[in-house]
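These notes concern the structure reproduced below.
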Amino acid sequence: MTTLIKSVYLSVVDYGLDKGKLQGSIEFINKHGEIKVRIGNDQAAAIIAILADQLVQTAQETAALMTSQVLEQAASQMNPALEGA
């Protein structure tokens, strides 16, 4: 029997006794149905720790791509001005 992860939800608590802590849930599904497991701060922090390196890498790749696109756009806008000078 195959059990799949349907969703993972993590968030920071905005108010109350747990304000500033992480919380979330993971939903699993298989042929018998679905189950939702609530996770607390420690479990959520462990998930984030597992993902941290990949999050940093993805952020760096995204920043490099965005910077490249901005520089290309700026260069294309500057070239017509330079040709007329």
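Being a predicted model, the structure only gives us computed values, none of them experimental. Values below: every heavy atom of this structure, side chains too, minus hydrogens, waters and symmetry copies.
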Just how far is it from atom CD1 of Ile39 to atom OG of Ser25, taken to the nearest 0.5 Å?
-> 7.0 Å

If Ile, Leu, Val, Met, Phe, Trp and Tyr residues are connected whenever their side-chain heavy atoms lie under 4.5 Å apart, and connections chain through other members, are Ile26 and Leu55 in the same group?
-> yes

Say you draw a straight line from CE of Met1 to NE2 of His32; how long is it, rounded to the nearest 0.5 Å?
-> 4.0 Å

Using a 4.5 Å cut-off on heavy atoms from C-beta on, say whether the side chain of Phe28 contacts that of Ile5.
-> yes

Looking only at heavy atoms, the pair that brings Val13 and Asp18 closest together is CB-O, 3.2 Å

Between atom OH of Tyr9 and atom CD of Gln23, what is the distance when rounded to the nearest 0.5 Å?
-> 7.0 Å

What's the spacing between Lys6 NZ and Ile35 CD1 if we round to 0.5 Å?
-> 13.0 Å

Heavy-atom distance under 4.5 Å between the side chains of Leu4 and Asn30, does that happen here?
-> no

Which atom of Leu22 lies closest to which atom of Val12, heavy atoms considered = CD2-CG2, 3.7 Å

Between Val8 and Ile50, is there a shared hydrophobic cluster once you connect ILVMFWY residues whose side-chain heavy atoms come closer than 4.5 Å?
-> no

Find the distance between NZ (Lys36) and CD1 (Ile29) and round it off to the nearest 0.5 Å.
-> 13.5 Å

What's the spacing between Leu71 CG and Met66 CE if we round to 0.5 Å?
-> 12.0 Å

Check: Ala45 main-chain N/O paired with Asp42 side-chain donor or acceptor under 3.5 Å | no

Would you check if the side chain of Gln54 reaches a backbone N or O of Leu51 as a donor-acceptor pair within less than 3.5 Å?
-> no

Verify whether one side chain among Gln73 and Gln69 offers a donor that lies under 3.5 Å from an acceptor in the other.
-> no

